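Convention: sequence-line order gives letters A, B, ...; per-chain numbering from 1. Note that the structure is a prediction, hence the values are computed from the model and not measured.
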Number of protein chains: 2
Amino acid sequence: MNAGPHIAEVAALIGDPARANILTALMDGRALTATELSYRAGVSPQTTSGHLAKLTESGLLAVESQGRHRYFRLATPAVAQAVEALMMLTTHTPPRYRPPSREDQAIRLARTCYDHLAGKLGVAVTEALLDRACIEPVGRDYRVTATGDAFLRDLGIDLDKAKRQRRAFARQCLDWSERRPHLAGALGAALATRGFELGWISRAGDGRALQVSAAGHKALNDLFGVALSG
Amino acid sequence: MNAGPHIAEVAALIGDPARANILTALMDGRALTATELSYRAGVSPQTTSGHLAKLTESGLLAVESQGRHRYFRLATPAVAQAVEALMMLTTHTPPRYRPPSREDQAIRLARTCYDHLAGKLGVAVTEALLDRACIEPVGRDYRVTATGDAFLRDLGIDLDKAKRQRRAFARQCLDWSERRPHLAGALGAALATRGFELGWISRAGDGRALQVSAAGHKALNDLFGVALSG
DNA sequence: TTCATAATTCGATCTTAGCCGAACCGTCCA
DNA sequence: TGGACGGTTCGGCTAAGATCGAATTATGAA
């Protein structure tokens with residue numbers, strides 16, 4: 001009768017360490033193979049297979065077969081959002097003080113969230129765009145101004161292509177470490193992709209953490225007036 | 001090493017039916033006694049006691065002793081947000097079609113979220129305030145305009161008192177059924193409280209669902225130009 | 001003081017579900 | 001066609017934890 005049982009079902013699904021590892025491994029929006037996920041989950045392939053079946057069956061993951069590989073990814077942004085919300089609880093309610101690790105530091109500085117920029121980097125870029133009146137918040141979205149339209153096209157971003165996608169164009173996404181909104185949606189993804197193309201950012205290791213290159217720091221400073229401190 | 005295990009811990013906590021019932025029972029922001037929660041959870045008082053201990057120990061619930069009663073409530077809005085995010089997953093990823101029940105309908109129309117208005121009602125009121133330039137979105141918050149300041153004071157809302165509170169003043173809160181933001185924070189709570197005082201809304205049953213009185217419908221129409229359809 | 005009620009602790013039971021070994025299906029490549 | 005590899009299915013083991021009965025502590029009321 002209540003909603004309780006329903007959320008318990010999905011929460012229990014996320015509540016297994018192996019499955020939680022799978023979900024967090026997919027938080028960068030990429031699609032990974034079952035074997036890769038098995039490694040990331042820290043359990044055997046057979047066990048992983050069972051977990052993946054449950055996750056897809058319940059609609060948390062989407063799967064696509066390519067040859068003898070099966071690629072799994074988060075089914076919807078809502079899944080990523082729920083995982084983010086749970087992450088917020090792990091830091092926001094500290095049972096006792098836990099000194100931040102090096103990886104913690106790195107991932108707070110710059111990371112991907114689903115498929116766009118997050119962390120200090122994502123928030124800084126978003127706020128710089130706001131400062132320069134390139135975008136403005138409208139409800140749960142951002143609107144791109146005329147100024148922003150020109151600016152982003154100059155940067156080499158195909159706004160029309162981003163607009164044609166079926167997903168939300170420019171959404172506000174809440175950051176679990178900064179607890180401030182950053183740019184998500186098709187535009188956020190396009191911006192991140194362009195950053196990769198230009199060599200400003202690159203993936204550090206196999207996680208969500210990002211490395212900002214020297215060229216990236218320079219561009220950040222020149223274009224946005226942002227100095228990202230380690 | 002990963003964040004996986006951390007979120008698994010908290011997700012598993014929410015993933016038990018009894019505990020999920022407890023959390024959803026507290027979603028309206030009220031504080032309930034252990035016995036009441038035992039009833040809502042559908043398990044014996046002993047079992048409930050164990051669950052409540054775990055939930056408070058892990059920082060999801062806060063507890064306050066009053067005489068021989070112990071009142072439990074959600075520790076932070078972040079907890080409510082996580083539960084909301086999980087609710088979104090239960091509806092947003094339908095494994096198969098589930099016909100909406102009557103209670104579903106009611107709770108989608110008008111309910112409380114933590115301590116402010118949500119559902120169609122909450123979203124409609126918020127958007128009416130936006131239309132009339134009473135509030136405007138700023139980042140993850142709303143800002144009250146001069147127009148809005150006058151309007152809300154006219155309504156009998158003590159804005160100064162709301163501003164003095166330690167919590168966020170006017171936050172954007174995402175709705176799981178409407179998937180659009182509505183007014184939360186101290187101002188959202190004050191608005192809801194005023195609605196109760198004026199007899200426009202009242203609690204329906206013991207859940208989060210709200211009943212909108214005839215006077216409420218009239219006020220909604222007169223003040224906001226909103227006609228809430230069942 | 002005495003009794004009732006709120007809430008917790010302890011101990012025992014029992015179900016659930018994660019896990020891996022082994023075997024099995026399908027695709028790719030030589 | 002045979003072998004290698006990605007992925008899944010099956011079966012049995014094991015451990016974790018949810019549950020309640022009974023007893024215990026603490027508060028409030030008579």
Side-chain angles (χ1 to χ4, degrees), chain A residues 2 4-26 30-58 60-73 75 95 206, chain B residues 2 4-26 30-58 60-73 75 95 206:
Chain A
N2 225 340
H6 298 134
I7 81 159
E9 220 170 301
V10 60
L13 219 49
I14 308 178
D16 174 77
R19 285 193 294 261
N21 281 332
I22 290 173
L23 290 170
T24 54
L26 294 171
R30 284 181 297 186
L32 300 179
T33 65
T35 311
E36 170 70 13
L37 287 172
S38 156
Y39 171 72
R40 302 287 275 271
V43 291
S44 73
Q46 312 93 290
T47 305
T48 306
S49 180
H51 287 313
L52 291 173
K54 283 187 186 173
L55 288 170
T56 52
E57 179 140 7
S58 58
L60 294 190
L61 294 188
V63 60
E64 196 178 341
S65 292
Q66 267 180 34
R68 58 181 166 178
H69 294 274
R70 297 189 77 198
Y71 284 91
F72 293 86
R73 61 179 174 77
D206 52 4
Chain B
N2 226 341
H6 297 133
I7 81 159
E9 220 169 301
V10 60
L13 219 49
I14 308 176
D16 173 77
R19 285 193 294 260
N21 281 333
I22 290 173
L23 290 170
T24 54
L26 295 171
R30 283 180 297 186
L32 300 179
T33 66
T35 311
E36 171 68 14
L37 287 172
S38 155
Y39 171 73
R40 302 287 275 271
V43 291
S44 71
Q46 312 93 290
T47 305
T48 306
S49 180
H51 288 312
L52 290 173
K54 283 185 186 174
L55 288 170
T56 52
E57 180 139 7
S58 58
L60 294 190
L61 295 186
V63 60
E64 196 177 342
S65 291
Q66 265 181 35
R68 59 179 167 179
H69 295 275
R70 298 188 76 198
Y71 284 91
F72 295 86
R73 59 179 175 79
D206 53 2

Visitor: What heavy-atom pair brings A:Ala25 and A:Leu32 nearest, and what distance separates the two atoms?
Guide: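 Closest heavy-atom pair between A:Ala25 and A:Leu32: O-CD1, 4.0 Å.
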Visitor: Between atom CD1 of A:Ile22 and atom CD1 of A:Ile14, what is the distance when rounded to the nearest 0.5 Å?
Guide: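 Between atom CD1 of A:Ile22 and atom CD1 of A:Ile14 there are 12.0 Å.
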Visitor: I need the minimum non-hydrogen distance between A:Ala20 and B:Ala8, along with the two atoms involved.
Guide: CB-CB, 3.6 Å
Visitor: With rounding to the nearest 0.5 Å, note down the distance linking CG in A:Leu52 to OG1 in A:Thr47.
Guide: 10.5 Å
Visitor: Using a cut-off of under 3.5 Å, enumerate the N/O to N/O pairs linking the protein to nucleotides 17-19 of chain D.
Guide:
residue: D:dA18; atom: OP1; partner: B:Arg19; partner atom: NH2; Å: 3.2
residue: D:dA18; atom: OP2; partner: B:Arg19; partner atom: NH1; Å: 3.3
residue: D:dA18; atom: OP2; partner: B:Lys54; partner atom: NZ; Å: 2.7
residue: D:dT19; atom: OP2; partner: B:His51; partner atom: NE2; Å: 2.6

Visitor: I need the B:Glu9 CD to B:His6 NE2 distance, nearest 0.5 Å.
Guide: 7.0 Å
Visitor: Check every strand shown and say whether B:Thr48 touches a base, only sugar-phosphate, or nothing at a heavy-atom separation below 4.0 Å.
Guide: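 It contacts nothing in the nucleic acid.
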Visitor: At 10 degrees resolution, what angle do the end axes of the helix from C:dT1-D:dA30 to C:dA30-D:dT1 form when each is taken over five base pairs?
Guide: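 About 20°, once rounded to a multiple of 10°.
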Visitor: Can you find a pair of side-chain heavy atoms, one from B:Arg73 and one from B:Tyr71, that are under 4.5 Å apart?
Guide: no
Visitor: Who are the side chain to side chain contact (heavy atoms under 4.5 Å, CB included) partners of A:Ser38, not counting sequence neighbours?
Guide: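 Expected list: A:Pro45, A:Thr48.
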Visitor: Classify every nucleotide of nucleotides 22-30 of chain D by which part a protein heavy atom approaches to under 4.0 Å, writing B for the base, S for the sugar-phosphate alone and - for neither, in 5'-to-3' order.
Guide: B----BS--
Visitor: Which atom names give the shortest non-hydrogen contact between A:Ala41 and A:Asn21, and what distance separates them?
Guide: O-ND2, 3.3 Å
Visitor: On DNA chain C, nearest-nucleotide positions of B:Ala34 versus A:Pro45: which is more 5'?
Guide: B:Ala34
Visitor: So how far is it from A:Arg40 CZ to A:Thr33 OG1, rounded to the nearest 0.5 Å?
Guide: 10.0 Å
Visitor: With sequence neighbours excluded, what pairs up with A:Thr56 under the side chain to side chain contact (heavy atoms under 4.5 Å, CB included) test?
Guide: A:Leu61, A:Val63, A:Phe72
Visitor: Could you tell me whether the side chain of A:Leu37 reaches within less than 4.5 Å of the side chain of A:Leu26, counting heavy atoms only?
Guide: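 Counting from C-beta outward, A:Leu26 and A:Leu37 do come under 4.5 Å.
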Visitor: Any idea which heavy atoms bring A:Ala18 and A:Asp16 closest together, and the distance?
Guide: N-OD2, 3.0 Å
Visitor: I'd like the 5' and 3' limits of the part of DNA chain C contacted by chain B, with heavy-atom contacts below 4.0 Å.
Guide: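 With heavy atoms of chain B under 4.0 Å away, the range is C:dA4 to C:dT9.
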Visitor: Please answer whether the main-chain N or O of A:His51 pairs with a side-chain N or O of A:Arg19 as donor and acceptor at a distance below 3.5 Å.
Guide: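 Side chain of A:Arg19 to backbone of A:His51, a donor-acceptor pair under 3.5 Å: no, none is there.
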